[in-house]
Amino acid sequence: MGLLILFGLFFGLMIAGVPVAFALGAAAVAGFLYEGLPLFVAFQRILSGISVFSLLAIPFFIFAGELMMQGGIAARLVRLAAAAVGAMRGGLGVVNVASSMLFGGISGSAVADTSALGSILMPVMKEKGYAPDYNVNVTVTSSIAGIVIPPSHNMILFAVAAGGVSISKLFIAGIVPGILMCLCLAIAAYLVAVRRGYGGEEFPGWAVLASSFVYAIPGLFTAVIIVGGVLSGVMTVTESGAFGAIYAIAVTALVYRELTWENFKKAVLKSVVTTSLVMILVGCASAFAYLLTLYRVPELLAGALTFVSDNPIVILLMLNLILLALGMIMDMAALILICTPIFLPVAVSIGVDPVQFGIIMMMNLGLGLCTPPVGACLFVGCVVGGVKIQDAVRTIWPFYLAILVALLLTTYVPAISMTLPNMLQ
Amino acid sequence: GTAAAVDWRGWNIHPEGYPNTVAMEQFAEEVAEKTEGRINPTVYNGGVLGAQPDAIEQTRNGALDFANFNMGPMGPIVPATNVLSLPFLFDSVEHMHKVMDGEIGQRFSDALSEYGLVALSWFDSGSRSFYNTKKPIKTPQDVEGLKIRVMNNDLYVQMVDALGGNATPMAYGEVFQSLKTGVIDGAENNYPSFESSNHYEAAKYYSITDHLIIPECLCIAKASWDELTPQDQEIVRQAAVRAAETQRQLWAERSKASREKVEAAGVIVNEVEDKAMFQAAMQPLYETFVQENPDLEPLIMAIRETK
Amino acid sequence: MPAPRAWFKGRIMQEEDERAGTPATAERLLDGLSDLCLRVAGVLLVVLIAIFGWLVFGRYVLNSTPTWVEQAALILVLYITFLGAAVGVHRGTHLSIDFIREAMPEGPRAALHLISDVALIAFGAFMAWQGWHLVATNLNRKVPLLGLSESWRAAPLIICGVLMVLFVSAGLYRRLRAPGR
Ligand code: NA
Ligand code: NA
């Protein structure tokens, strides 16, 4: 009965349009009242859920990402990618994917990736005769790289929700699957471009390639600071997030000279809004999770899944399908927070490393960001690209397919994600 | 009995298989069995219901019914228990057992009961010693300049500062990576934690300073306790005492096994010849503490005088 | 570059929409309140970044780690979150699923709006009430290494709860006065 109230109220309120965070919080409050538990515990859980040291990195990553958008780092990465791979057939599609891979290495968010790169690349692509739906498809799906390639604030959410999975291990583990996914997407972008008869750009010459690389270095160095700071051990993840932010201020203000006071202000305020959206979700999800724990939901689900099948391959497939279905209708951060404590024990029980499962979740839920009916990246991409959602979705399937291939490989070949972290530990 | 059965929720921060977890589960089973189901306890292990400060509040207010609490994080809530966080208070684990099982332990129980917690028995959390990546610590001078991670408590910070180290409060989960990469030089903990956290892979020097020997309680929420019949209270109390016996025995075995494991892995363990030098360095810390908490001085004296 | 003075003047970020139905002064007041919260949170975010810089500087350069930074940061992030969350309620920027509601005919849609508003007001009220409870019961507990009362940790709940009730009530009032919007 308690579970029914909890989930019924949560879904009911969400359908009524209550923001996901508050739907979780309100359902939790109702659950506490129903169980006769002291109500302050619900809000204690919200506070304690937010007040977690590793989560402090999230505002920093978000802020660094905003600065990169406002301060010209993204534009220079695009220029580098264009010089490097623009000459292929369907060059700009591949450039789009490559830019996402580079940008993904310094930004932690797929939506930031979509709006930053989309607003730079889509006008250019349109001008060169690429159809708007294609542009949106490439931009949106490749933005998942921002989540899978480190740094990634969603990985931090996962690590915290999983109760102590090493963030640095997760970061390292994301590199190869992220590149693999981009490779699959680049192939899809190339094949579709060939079918549609898009041509390539002229190769600008080695000198331009070299110079655009040099210009991009200070921006790329943000990734070195954040990821390198963690790996080399000069700083903790949180501190390196703060330093990434400080470094991004310095580069955009002093080197690229594109950071004005106005841009800085905008970046700060937008980061506050985004940070608070993520963190309030984290808090309310912990109040909700308290009841899930009391009701022993993880054990119930594990029992149900192993009742259906005891074959690890089937269980993993089922987990993936459930996540995909949920990802279509719900936001990524909320799903990480709710599903990790429930699904991870199941995955671990069939021998999956928590780190690998984290990467699977990142890619799987990342795909959810690009699907209707609820997909933040798809929405942003369609707005920036000036395309109706139904038009973009009609032609997006080759890109979904590419991500699914990468997802299945990551799911069933542990070496793809685990080789690097195992080597370094 | 005619009384309706009650479900009890229990809090425990340790993972499956840990001495405390085994003891807590033994307690739950024994209570369920001996009360013939009048009390039906469930232990939630691994701290899934929150960190200890939150769990203390939950237990005081009836969201939880029983718990295994360390006295370290109890200090901000029950001031008397701060005494137990004073470095080098106990000479040895045996000394601590003697103190807590006797009249002084009862004084701590009384202090806890003012805050809605009924302490029925005292668990062991071993003794904490320094470990680091640089060198064996034999005298206070060896601590000088080392960046040492401590738990969030002013006394622990003051302790490392008094030894000339650089006290670095840090979340537990960050410590392994930070040791490995040199963000910090060392930390302090007991053998089982040193081993299970894998910190021994990064920090090769373990120096037996035994600077903190902090007892833990098996506590019942006062509200849940008061609802029991005297007979059931007795059953619960005895189960708690037996759980403590189990925990202490398993803890000792676990400590020994952990020590053997880390030594086999190449950790250099050294005894500290002259603990008096360390204790002397703590003098200012004790003076400040007594100045700020004059009412606790007799308690400190009584503990020091228990032999 | 505009003078820093501009920081305190005028609305930040675009989205201006006509809000029929409510008295204009009340609207402006709420907008102002929301902007104030956002700016305060913005300043706190900059402070948060700065103290982490100080933490690393202290540990490596001064060889004396500022022990208050971690605890202070954990409290700062609560203020940033709850101030920002209230602003998000005012501006409607929280992640929500409204495609089902918006696909409904007018009647059910209005009903769902009402349910949503009532749920948010109730949650905000609970948040403020329990926040008050947590502040009152933690006055004597000190945050370790900071010396501040634990009550400071719970105070943002009161702020955010009260603001949520205010902002959502204004929206509810607006919709009731001008249905169909
Ligand atoms: Na990234
Ligand atoms: Na979606």
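Just so we're clear, the structure is a prediction, and the values are computed from it rather than from any experiment. Labels below follow one simple rule: chain letters A, B, ... track the order of the sequence lines, proteins then strands, and each chain is numbered from 1.
Between chain A and the residues C:Leu78, C:Ile100, C:Ile75, C:Leu55, the largest count of heavy-atom pairs under 4.5 Å involves C:Leu78. Heavy-atom pairs under 4.5 Å with chain A peak, among C:Gln130, C:Met164, C:Glu70, C:Glu102, at C:Gln130. Residue with the most contacts toward chain A among C:Leu76, C:Ile51, C:Leu74: C:Leu74 (heavy-atom pairs, distance under 4.5 Å). Interface summary for chain C: among A:Leu39, A:Val20, A:Ile50, A:Val29, the most heavy-atom pairs under 4.5 angstrom belong to A:Leu39. Interface summary for chain C: among A:Ala242, A:Gly25, A:Ala21, the most heavy-atom pairs under 4.5 angstrom belong to A:Gly25. Note on C:Leu48, C:Val87, C:Leu44: by heavy-atom pairs under 4.5 Å with chain A, the leading option is C:Leu48. Most heavy-atom pairs under 4.5 Å with chain C: of the set A:Gly283, A:Ser276, A:Gly241, A:Ala334, this distinction falls to A:Ser276. For the set C:Arg153, C:Met127, C:His133, the entry with the most heavy-atom pairs within less than 4.5 Å of chain A is C:Met127.
Formation of a donor-acceptor pair under 3.5 Å by the A:Asn263 side chain with backbone atoms of A:Glu258 is found in this model.
Contacts between A:Ile46 and chain C at a heavy-atom distance below 4.5 Å involve the side chain alone, from C-beta outward. Both the backbone and the side chain of A:Ala26 come within contact range of chain C, with heavy atoms under 4.5 Å apart. When heavy atoms are compared at a cutoff of 4.5 Å, A:Leu281 approaches chain C solely by way of its side chain, counted from C-beta outward. Neither the backbone nor the side chain of C:Ala50 comes within contact range of chain A; no heavy atom of the residue lies under 4.5 Å from a heavy atom of that chain. Of the two parts of C:Leu45, only the side chain, counted from C-beta on, holds a non-hydrogen atom closer than 4.5 Å to a non-hydrogen atom of chain A. If you measure heavy-atom distances from A:Ile62 to chain C, you find no contacts under 4.5 Å at all. Within the 4.5 angstrom heavy-atom criterion, no atom of A:Val282 approaches chain C.
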Checking A:Phe32 against A:Phe40 for the ring pair (Phe, Tyr, Trp, His ring centres under 6.0 Å) test, could you report, in this order, the C-alpha distance in whole Å, the side-chain angles of both residues, the deciding distance, and whether it holds?
CA-CA 9 Å; A:Phe32 274 84; A:Phe40 82 90; 9.1 Å; no

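A salt bridge between C:Arg91 and C:Asp35 is present, with a side-chain N of the basic residue lying under 4.0 Å from a carboxylate O of the acidic one. We find that A:Glu262 and A:Lys265 are joined by a salt bridge, their nearest charged nitrogen and carboxylate oxygen being less than 4.0 Å apart.
Going from atom CG of A:Leu47 over to atom CG of C:Leu134 covers 6.5 Å, rounded to the nearest 0.5 Å.
Shown here for A:Ala161 and A:Ile336, the closest heavy-atom pair between the two residues is CB-O, 4.1 Å. Between C:Asn138 and C:Ser149, the closest heavy-atom pair is O-OG, 3.3 Å.
Using cut-offs of 30° and 60° for the angle between ring planes, the C:His94 and A:Phe22 rings count as perpendicular. By the 30° and 60° cut-offs, the orientation of the rings of A:Phe7 relative to A:Phe11 is parallel.
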